[in-house]
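Ligands are counted one by one from 1 in listed order, and the atoms in each one are counted from 1 as well. None of the values given here were measured: they were computed from a predicted structure.
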Amino acid sequence: MKKHNFNPGPAILPASVLQEASQAVIDYQGKGLSILEISHRGSEFTAIIEEAVTLTKELLGLNDDYHVLFTTGGASTQFYMMAMNLLNAGELASYTDTGTWANKAIKEAKPFGEIKVVASSKDKNYNYIPKDWAPAAGSRFMHLTSNNTIFGTQIQEWPDLNIPIVCDMSSDIFSRPIPADKFGLIYAGAQKNLGPSGVTMVIIRKDMVRTDLTHYLPTMIDYKTYIAENSLYNTPPVFPIYVSMLTLRWVKSNDGLKGMQAINEKKANLLYNEIDSNPVFKGTVATEDRSLMNVCFVCEDATLEAEFEADAKKAGCVNFKGHRSVGGFRASLYNAMPLESVQVLVDTMHDFTKRKG
Ligand code: PMP
């Protein structure tokens, strides 16, 4: 039986994408070669990466001022690569501290510039999004984490700033429309809403690319390398890029980001409504900042959690345990998660409460 996979990442991918990708592993387009065996410089892969770039721009509404790049090393590598590319020593950048990943972004950027943390929700174990987002005067950019995967909070309203936003969108890219022109740079590990792990998407506006850096950038750490070589300076992660392209096609054929947002809201509302109306469970974050991607909740009586988890497992729901720093449960409802799977989890919660009551 196919499981209902609530994993936070690597995460569920559309069934049709898995089907097509698995066929391509055996024989890509009837060419007698696996997608894993083709050259990254051949016409087949050129077409794949070009389509991935075109679909990304189309779906996110990016004009020709933006480059779409594919890198490796995960979003974790972007924490420092981005800072090394955007800042000279002593230059200022503002950051918001909204959780574990934001913290890592701050830590990794610090050696390369003057990093000012201008807002934080650490006082309440990151259970809300701080709204006092005034960047420090003279900042070159403001760094935001759009969706805090571990704590289950998500930015619902983008601030109006007079400087570019640099955003870690690892866990909600392509899940909803965005006001593209606010962003100077977006980065995201693929393994939640886009594809398998192993590739990272970086979107950079042309005016953010520095030609006046005073320090040396190793070739593979320099965005200009990826821009000049269309992400093909070295051997890229061919298969993850291919699967990402298939997922982008799937997103497009499901009414694009508007379609994703509509279904994501439906799924999240279904689960949050159950959490709010069921006396056994409670949510863990401020209602207005709730994530549509990672729904975090606990049992009012923590001693019931193991028993509920066992019930849900019996119903085929897997990988929804909360992160060790939060506890309880976290159901990740990325784009590819069907409404039916969320309904199974909700029915299990309902039945559990009936049995206990
Ligand atoms: N940022 C966010 C918001 C994440 O959720 C994650 C991974 N869960 C990361 C960064 C780190 O990504 P990676 O594992 O690709 O380095």
Would you say the side chains of D347 and Q343 form a donor-acceptor pair under 3.5 Å?
yes

Side chains of T98 and N148: donor-acceptor distance under 3.5 Å anywhere?
yes

Short list, please: which atoms of ligand 1 are under 4.0 Å from a heavy atom of [X]?
| X | result |
| --- | --- |
| K192 | 5 (O), 7 (C), 8 (N) |
| F79 | 10 (C) |
| G74 | 15 (O), 16 (O) |
| T149 | 2 (C), 3 (C), 4 (C), 5 (O) |

At the 4.0 Å heavy-atom cut-off, does [X] count as touching ligand 1?
| X | value |
| --- | --- |
| Q191 | yes |
| N147 | yes |
| Q78 | no |

Could you identify the single nearest non-hydrogen protein atom to [atom] and state the distance to 0.1 Å?
| atom | result |
| --- | --- |
| atom 12 (O) of ligand 1 | A75 CB, 3.5 Å |
| atom 7 (C) of ligand 1 | W101 CZ2, 3.5 Å |
| atom 16 (O) of ligand 1 | S76 OG, 2.6 Å |
| atom 1 (N) of ligand 1 | D168 OD2, 2.6 Å |

Of all heavy-atom pairs between P240 and V199, which one has the smallest distance, and what is that distance?
CB-CG1, 3.7 Å

Are the aromatic ring centres of F329 and F308 under 6.0 angstrom apart?
yes

Flag the pair D289 and K131 as a salt bridge only when some basic side-chain nitrogen lies within less than 4.0 angstrom of an acidic carboxylate oxygen.
yes

Looking at R355 and D311, is any side-chain nitrogen of the basic one under 4.0 Å from a carboxylate oxygen of the acidic one?
yes

Have a look at ligand 1 and work out which part of S170, if any, has a heavy atom under 4.0 Å from it: side chain, backbone, both or neither.
side chain

